[in-house]
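Remember, it's a predicted structure, so these values are computed and weren't measured experimentally.
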Amino acid sequence: MIEVTAKLVRGPVYLAGESVECYITFSNTPAPVHKRYHCNSDALESLAWASVQIHCQCTTNSKVMYPDGNLFTAEELSTANTDTSFAPCRGERGHVVLSTKPRILFCDLRLSTGESKSYLYSEVLPSEAPPSYRGQAVKYSYKITVGMQRVNCPIKLLRVPLRVLVVNGFQEASLCGDSEELAPSNPFLQIRQKETPFDLAMQAVQTVTAKRSPNFYNITKSQGRVVRFCLFKRAYKLGEDIVGTFDFSEATVPCVQFSVVLQSEEEVTPGCRRWSKQGSAVVSYTKYHEVCLSLKHSQLILPIPLHVTPGFTTDLVTLQWRLHFEFVTSDTQLIHELPAKDLENGNVWRGPATLNIETMVWNLPIKIYPTTPLQISQGLHTQAKNRLAV
């Protein structure tokens, strides 16, 4: 029996434009003890050929119509005889939106018992590739597919999942941007002679997300000011904390409590909507909540998960990020502290048993960009081997 294992050299997360490297090992494993008396332990095992390919599969729900273009369904690409033709998307649903050229690893491989042979597969992901994404209406998924066949036997497939990130709008900007703006922040680092598109894209992200320009927002309603909110920056990388401050010192409307939720908003392109009045899909992630009655100041610390997809735009869908605020206010006149004479008598201030409240909401758009793929792989601990017995 030949066992096939595939292991990505640097983990499962890559940026569009990067080179994906995967070690594929073919091993002739010894037969189990209870079968060794019924088979020749020194027999050679052989494979006629093996080929590798990366493809991106797009699946949608009933609310999405595909635009006209060079899209092929998995069924259309698998209409040939699957016993003799390499069809990486065989058995999968949806449309193939990206497919690299197949690479032949070998022809006529023969292995003795206990012998193994490894091959290094390398492929550059196109910079225009869509990101890996599991949304409500649209999903993009990547796989490295290894196809292999014995003589006069059907083809078997081994699929290795990939996660691909894109720096939306920065591929072109980083290539034609100002060299001084993209220079390393550490002056002691030596500038390399030739920067790759990946290096330029990550430098552009670092430049944008490192800039701190505090933005102040006065949250008001018809009765007066509720709070003054400060957000130190509006561009973040995956894994960062969103930090802000709340100032209630000059508020004229009491705020009882507030909450802030990190949300993604998925909007299908108007030309691809099944119905014209179709709305966007909102998904909530991390949340910060605090009871702020009688507080003068408060803060916001909201982590961005590593597993979410940064903002992007394709022909089918646009993904954007926002902070969703909810402020619970009251029109009840409150006494926030007792007079000194009451405190001397041992009295303690207590909050009111009932309040007349109103809830007001506010959405603040933000930008989320990828971080280095290696940091995501280490943070999620997703390094694993994929195996298949042939």
If we ignore angles and hydrogens, is there a donor and acceptor under 3.5 Å between the side chains of Lys233 and Thr209?
no

Aromatic ring proximity [X]/[Y], centre distance under 6.0 Å:
X      : Y      : result
Phe106 : Tyr119 : yes
Tyr133 : Tyr140 : no
Tyr121 : Tyr23  : no
Phe258 : Phe246 : yes

In sequence, state the C-alpha distance, the side-chain angles, and the governing distance for Glu92 and Lys143, and then conclude on salt bridge (charged side-chain N to carboxylate O under 4.0 Å, His left out).
CA-CA 11 Å; Glu92 295 193 344; Lys143 294 182 180 69; 3.4 Å; yes

Sidechain-backbone polar pair: [X] side chain, [Y] backbone, donor-acceptor under 3.5 Å:
X      : Y      : answer
Arg10  : Leu374 : no
Thr314 : Val317 : yes
Ser264 : Trp321 : no
Ser116 : Phe26  : no
Gln53  : Thr100 : yes
Thr25  : Lys117 : no
Arg150 : Glu45  : no
Asn28  : Leu44  : no
Glu266 : Ala137 : yes

Applying the side chain to side chain donor-acceptor pair (under 3.5 Å) criterion to Gln257, which one of Glu326, Glu290, His289 satisfies it?
His289

Atom CG in Leu231, atom CG in Leu323: separation rounded to 0.5 Å?
6.5 Å

Cation-pi geometry met for Arg228 and Tyr217 (6.0 Å, 45°)
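The answer is no; the distance or angle limit is not met.
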
Heavy-atom closest pair, residues Val226 and Ala251
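Minimum heavy-atom separation between Val226 and Ala251: O-CB, 3.2 Å.
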
Would a 4.5 Å heavy-atom cut-off, applied to side chains only, mark Val166 and Leu15 as touching?
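No - every pair of side-chain heavy atoms lies 4.5 Å or more apart.
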
